[in-house]
Amino acid sequence: MDLSKRKFKEDFKKMLTEVYSMDISESETTEQYVTLGNLIRSYSSKNWGRTNQRYIEKKKKQAYYFSMEFLLGRMLKSNLLNLGILDTVRDGLRDLGIDLEEIAQIEPDPGLGNGGLGRLAACFIDSMATSEIPAHGNGIRFKYGLFKQKFVNGYQVELPENWLQNGNVWETRKMHAAVNVRFYGKVWLEQTSAGVLEPHYEDTQEVLAVPYDTPVVGFNNDVINTLRLWSAEVPPQDDITDYWSYIHQRNQIESISEVLYPDDSNYEGRLLRLKQEYFFVSAGIQSIIRHYKKMDLSMNHLAEKVAIHINDTHPALCVPELMRILLDEEKMDWEHAWNVTVNVMSYTNHTIMSEALEKWPIEMISTLLPRIYQIICEIDRRFTMKMSTLFEREIVERTRIIEGGHVKMAHMAIIGSHSVNGVAQLHTTILKEKVLHDFFLVYPSKFNNKTNGITQRRWLMLANEPLCDLINRKIGNEWETTPTELKMLKAFRDDEKTLLELAQIKRLNKERFAEHIKKTMDLTINPDAIFDVQIKRLHAYKRQLLNLLHILSLYFQLKDDPQADIHPRVFIFGAKAAPSYTYAKQIIKLINSVADLINHDAAIADKLKIVFVENYGVSLAEKIIPAADVSEQISLASKEASGTSNMKLMLNGAITLATLDGANVEIRDRVGEKNIVIFGLREDEVYQYYHDGSYQSRSYYENNPVLHRVLNGLIDGTIPGAEAEGRSVFDSLVQYGDEYFVLRDFEAYADAQKHIDQLYRDTLQWQKMALINIAGAGVFSSDYTVQQYASQIWDVSSKVRNI
Ligand SMILES: *Cc1c(COP(=O)(O)O)cnc(C)c1O
């Protein structure tokens with residue numbers, strides 16, 4: 001948008017007076033933040049209305065991205081950037097004696113997600129608005145986001161994340177768009193005089209779903225889409241007979257949107273979780289239908305105007321819920337309703353981990369959602385009947401929705417969608433050949449791949465301004481909207497001046513991060529060291545342990561030989577563990593105890609440091625990633641569906657140290673073998689081990705002397721304060737089979753780390769690798785990912801940029 005500095009300063013002062021009756025000298029950072037937020041909203045409101053109007057007037061087909069999680073991160077600077085007024089506002093504020101950075105830090109980081117899945121949804125809505133795709137987010141307005149993590153004596157402690165405490169400047173409550181969601185009760189069907197079956201309900205519990213809309217600002221294009229998050233409230237009642245039972249009921253209802261479940265890649269069959277899932281699914285679909293009806297088209301044409309995307313299985317109830325509305329409220333017959341539903345729905349699978357697959361006990365669904373359960377039974381009945389004529393019995397049994405007393409959500413999502421996608425090439429191949437092979441036989445054409453992506457606006461333009469400036473000086477800024485243009489950087493691969501500038505920028509970012517760590521943790525780290533980064537949820541399959549065992553091996557090496565030729569390293573960890581995930585919490589404690597040991601060993605001094613940042617989230621990621629030299633992507637091959645921190649780190653010039661898992665495979669293909677460090681078991685080797693059951697972790701303990709010493713270090717008192725955790729980890733690796741092949745991959749990993757150490761010593765060579773990584777990162781922009789969803793799955797228009 002057009003905005004002069006003078007106009008901005010006037011507007012800002014005026015808004016401050018309007019909202020707070022203050023002038024600048026009296027105002028504090030909080031007031032300045034709210035004022036700026038309000039101003040940004042007023043700047044965007046015209047285009048928000050216009051965008052919606054355009055969608056309605058042109059009767060555009062719109063896509064709705066249903067996701068339990070949206071891990072947005074702070075929005076102030078990203079809104080300014082996308083509106084094209086970041087520099088103007090920054091300068092204007094400086095004139096007024098205000099530091100934009102300071103204001104931006106005030107904003108609470110809305111942690112409405114656990115990790116990769118939620119962050120993907122956030123990158124997608126940014127890219128959808130930027131790519132001019134008529135698509136919106138639909139989710140839950142959790143009152144409490146993902147818990148705040150503290151370390152107490154090295155142990156993770158969880159505190160509530162009350163992100164709404166001081167209000168939320170970005171959202172608008174839309175009471176007129178509220179809808180009712182029905183739970184519990186009895187339901188039966190009665191034939192009307194017209195001969196159609198009509199459901200009758202008794203003793204239901206009604207919940208009022210109130211939407212809060214947040215503008216999703218496209219980058220320099222006047223498009224503003226909507227993120228609609230639902231809050232659960234008590235419907236208005238005119239007679240309250242029993243006050244206390246009303247209060248009880250109110251608490252029960254409001255608890256639906258109270259708190260995000262803190263489990264990543266893990267399913268827990270809690271009733272409240274099922275309520276959350278149906279709540280935002282039903283509210284979202286009702287609101288879509290209400291909107292659709294304004295176009296005055298028949299329900300038979302719904303799929304021509306509406307696409308609904310099911311992000312993982314959490315919103316899989318979209319399938320029976322849309323069926324319910326089409327059958328019960330729109331009086332469609334089953335075949336037509338089913339046809340419309342399948343054409344509207346599409347589904348993304350995010351994991352092959354069996355513990356993550358949702359399956360709800362029949363009893364739970366039939367009690368909480370009796371009508372939905374009837375519909376699921378009918379879907380299942382028709383599916384098994386039809387398939388029995390076409391496929392072997394076993395295949396039908398393995399693919400049906402209701403089985404073993406449970407409703408399998410992934411099966412429902414697959415059967416009820418026209419598209420099923422994995423999130424990286426390798427992941428999609430594993431789905432087709434292994435995990436969902438039966439479904440692939442049944443529906444080969446539903447399966448497709450959409451490799452995940454990240455938005456370069458947040459992860460480069462905002463997070464790493466110095467690098468962004470360098471890139472713009474070298475190749476111009478076309479890459480900001482056509483990210484593959486980053487490839488032009490390759491022209492500078494042998495340009496010493498550019499490579500040294502790149503080194504200087506990395507150094508600056510490392511100094512800044514070191515200052516932050518000094519301030520927040522009172523820990524001194526040396527910017528000349530290699531900054532080696534592993535930031536992601538703590539999960540056994542991600543193998544933070546492999547990293548830790550290697551650190552211990554370096555420690556022992558330096559203790560034995562203080563002159564050992566090891567380039568100084570700072571190992572940086574950021575990770576939350578699900579509160580109920582005991583093993584992951586033990587690993588956190590163990591890392592913290594090893595950090596204590598090494599960081600305070602005077603003999604080690606600057607050679608090794610471990611920084612385990614507290615409360616890892618989007619805001620911390622934005623600080624760590626620009627300062628990273630090495631990107632640790634060391635999951636057991638086949639287990640990480642895609643990964644996205646690998647892409648963010650690559651884009652910021654870190655060198656990837658990786659197994660051939662998830663999108664790491666595609667990163668290697670992009671940059672070539674020489675510009676990435678690959679190690680470890682491959683996916684087919686892992687499956688071979690599963691097949692023949694021949695893995696003996698103990699033999700690696702017994703036969704590799706380095707590993708032997710490191711593992712003994714876990715149980716011989718070397719690590720003070722973590723005796724129990726050391727024992728537990730030792731046992732899981734040596735006694736209980738080492739589920740994720742940590743010991744199997746240890747030697748290869750240690751060799752790969754040695755290789756990194758050698759590579760780093762040649763600055764120009766290292767920066768050349770970094771440059772090639774940055775130059776190759778463009779394809780991993782979520783702009784391209786969503787454009788592919790739009791054209792290949794949703795069939796909605798977009799402003800497609802050259803890929
Ligand atoms: C990108 C991101 C993730 C995903 O990291 P992976 O290493 O791909 O698992 C998780 N959390 C946050 C805060 C992120 O920004």
Side-chain angles (χ1 to χ4, degrees), residues 115-116 119 454 458-460 463-464 467 503 505-517 520-521 523 525-539 542-548 550-551 554 567-576 587-588 591-592 594-595 598-599 608-635 640 643-659 661-664 667 676-677 679 749 752-753 755-757 759-760 766-767 769-770 773-774 777 780:
R119 184 54 232 173
I454 54 161
R458 180 173 294 267
W459 297 111
L460 181 54
N464 199 344
L467 179 55
I505 287 165
K506 186 59 81 179
R507 166 85 197 191
L508 172 72
N509 290 334
K510 288 164 78 174
E511 284 166 7
R512 285 183 184 169
F513 182 66
E515 271 168 41
H516 174 76
I517 291 304
T520 53
M521 299 178 71
L523 188 68
I525 52 174
N526 175 9
D528 289 325
I530 301 171
F531 280 18
D532 183 320
V533 170
Q534 188 171 20
I535 43 174
K536 48 189 75 252
R537 284 300 286 257
L538 203 311
H539 204 295
K542 292 178 183 276
R543 302 201 295 190
Q544 280 94 351
L545 262 184
L546 183 55
N547 191 344
L548 185 69
H550 170 252
I551 296 171
L554 293 180
H567 193 91
R569 281 249 200 168
V570 178
F571 291 95
I572 297 158
F573 291 92
K576 289 179 180 176
I587 294 170
I588 287 182
I591 297 173
N592 276 324
V594 172
I598 294 180
N599 294 349
L608 288 185
K609 281 275 183 310
I610 301 179
V611 178
F612 197 154
V613 296
E614 240 171 21
N615 200 36
Y616 174 63
V618 173
S619 293
L620 261 168
E622 290 165 0
K623 287 193 162 69
I624 297 169
I625 290 169
D629 294 308
V630 176
S631 163
E632 299 262 2
Q633 307 299 338
I634 60 177
S635 54
E640 189 75 270
T644 47
S645 75
N646 46 2
M647 301 166 184
K648 300 167 198 165
L649 284 153
M650 171 196 196
L651 180 63
N652 282 271
I655 305 306
T656 310
L657 168 55
T659 50
D661 199 13
N664 301 344
I667 291 177
I676 186 169
V677 178
F679 74 97
Y749 178 65
Q753 282 286 24
H755 187 47
I756 290 271
D757 178 296
L759 287 171
Y760 191 79
W766 184 270
Q767 291 305 331
M769 290 171 69
N773 272 271
I774 300 165
F780 299 108

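Hydrogens, waters and symmetry mates are skipped; everything else that's a heavy atom, side chains included, is used.
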Hey, which of I530, L554, I591 is the one that makes side-chain contact (heavy atoms from CB on, under 4.5 Å) with F571?
L554
Mind checking whether M650 and S631 have side chains closer than 4.5 Å, heavy atoms only?
no
Sorted by chain and residue number, the side chain to side chain donor-acceptor pair (under 3.5 Å) partners of Y760 (sequence neighbours excluded) come out as K510
So does [Y] get a backbone contact from the side chain of [X], meaning a donor-acceptor N/O pair under 3.5 Å?
X    : Y    : value
N464 : L460 : no
Q544 : R537 : yes
D757 : H567 : yes

Whether the N615 and K576 side chains hold a donor-acceptor pair (N or O, under 3.5 Å, no angle test) is what I'd like checked.
yes
Run the side chain to side chain contact (heavy atoms under 4.5 Å, CB included) test against [X] and tell me which residues pass, sequence neighbours left out.
X    : value
A658 : Q633, T656, N664, I678
H516 : F513, T520, L620, K623
N599 : L523, A595, K609, I610
E614 : K150, F151

Going by salt bridge (Lys or Arg N to Asp or Glu O under 4.0 Å), name the residues that satisfy it together with K542, two or more places apart in sequence or in a different chain.
E640
